[in-house]
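Have a look at the structure below before the remarks.
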There are 2 protein chains.
Amino acid sequence: MMDREWNDSQPIYRQLRDRVVAMILDGVLKEGDPLPSVRNVAAEYRVNHLTVLKGYQQLVDEQLVESKRGLGMFINAGARNLLLQGERQKFLAEEWPRVRATIQRLGLKPEELLDGGATRRSKQAAEEKPKP
Amino acid sequence: MMDREWNDSQPIYRQLRDRVVAMILDGVLKEGDPLPSVRNVAAEYRVNHLTVLKGYQQLVDEQLVESKRGLGMFINAGARNLLLQGERQKFLAEEWPRVRATIQRLGLKPEELLDGGATRRSKQAAEEKPKP
DNA sequence: GCTAGTGATATAGTTAACTATAACAGTATA
DNA sequence: TATACTGTTATAGTTAACTATATCACTAGC
């Protein structure tokens, strides 16, 4: 229904892939479950079905999902554990270092961000002393 | 020298913009300083100079940088404070919620993320219980 | 067999990102 | 003036992402 679904910082098909990954990790989609049909998703988010298919094919390539023509696409056995390993490694190696650097650069306190609510207002002044 | 400089998750010109922003925040580039010339950067990273220019133009549009034809591009007064405000807001509103959700989803512990190097090996078992 | 639901493939067009190459325009300095 | 730096504009081509439309292929249920 909403169309502010998409982030301009990443292609839609990858965001679709990430959305399904999140659902698997959150236990919303369990092993053996069918994932929302290509055509349904395409209609719901008003996106071309080829774009959805492309996102889903990524999951097939990652062995997370199996496609059964005429039936649908289904979560593979072991998908969640596979993800917990792979995504952790990817996150720690590729994303977190960058994010962590940004946090330090902005003078934000990691502890504040990690504990409690993410919405807490940072009342820090915007005046900081440069590094050297 | 290295050509593994670029992340496929974001266009080069935006990564170039972010790189300069980081240098300003880190105090490597101070107000009044010239930033590395379009052509130099293009040559060093083996990228088209138009791509570099596009990244730099973003900074001009953000009032962070001023262009002087024949001389170079220079960091504006107040650039750093402007950034500390704007980038904090952007980060907290757009990036952090997504990252935070990922962290929880992967069952990563704040201590793991904060201590020492981000490269520490996560020895957690890949077995977790789903949400519901 | 028919219908309605699945995924898959084919064709073609638009746009944004990036590229190569060339030329233009301003400034500093020898 | 000549040279060597700056940024800027113009032209044109490639690729990836996304789109629209249509068609094929398979499965389940009536």
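Each chain gets a letter, A, B and so on, in the order the sequences are listed, and its residues count up from 1.
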I need the CG-P distance between Asp8(B) and dT15(D), as an integer number of Å. 18 Å
Is a side-chain N or O of Arg80(B) found less than 3.5 angstrom from the main chain of Leu25(B), in a donor-acceptor match? yes
Do the side chain of Arg39(A) and the base of dG7(C) come within less than 3.5 angstrom through a donor-acceptor pair of N or O atoms? yes
Pull out every residue in residues 63-79 of chain A that has a heavy atom closer than 4.0 Å to any atom of DNA chain C, ordered by number, or say none. Ser67(A), Arg69(A), Gly70(A), Leu71(A), Gly72(A), Met73(A)
Candidate list Leu64(A), Ile75(A), Ile24(A), Asn40(A), test side-chain contact (heavy atoms from CB on, under 4.5 Å), partner Leu35(A), passing option: Ile75(A)
Using a heavy-atom cut-off of 4.0 Å across all strands, would you classify Asn40(B) as base, sugar-phosphate, or nothing? sugar-phosphate
Indicate yes or no: does Glu87(B) engage Lys90(B) in a salt bridge with an N to O separation below 4.0 Å. yes
Side chain to side chain, Arg88(B) and Leu108(A), heavy atoms closer than 4.5 Å: yes
Rounded to whole Å, the CZ-P distance (Arg17(B) to dA17(C)) equals 15 Å
Are Arg98(A) and Glu95(B) close enough, and set up right, to give a salt bridge (Lys or Arg N to Asp or Glu O under 4.0 Å), and what steps lead you there? CA-CA 12 Å; Arg98(A) 211 194 79 251; Glu95(B) 191 165 8; 2.4 Å; yes
Rounded to the nearest Å, what distance is computed from the CD atom of residue Gln57(B) to the P atom of nucleotide dA17(C)? 15 Å
Rounded to whole Å, CG of Leu53(A) lies from P of dA16(D) at a distance of 18 Å
Can you tell me if CD on Gln10(B) sees more than 12 non-hydrogen neighbours from other groups inside 6.0 Å? yes
Look at the side chain of Glu5(B) and the backbone N and O of Tyr45(B), then say whether any donor-acceptor pair between them is shorter than 3.5 Å. no
Whether the side chain of Asn48(B) engages the backbone of Leu50(B) through a donor-acceptor N/O pair (distance < 3.5 Å, no angle test) should be reported. yes
Can you pull every protein N or O that's under 3.5 Å from an N or O on nucleotides 18-21 of chain D?
{"from": "dC18(D)", "atom 1": "OP1", "to": "Ile12(A)", "atom 2": "N", "distance (Å)": "2.4"}
{"from": "dT19(D)", "atom 1": "OP2", "to": "Asn48(A)", "atom 2": "N", "distance (Å)": "3.1"}
{"from": "dT19(D)", "atom 1": "OP2", "to": "Thr51(A)", "atom 2": "OG1", "distance (Å)": "2.9"}
{"from": "dA20(D)", "atom 1": "N7", "to": "Asn48(A)", "atom 2": "ND2", "distance (Å)": "2.9"}

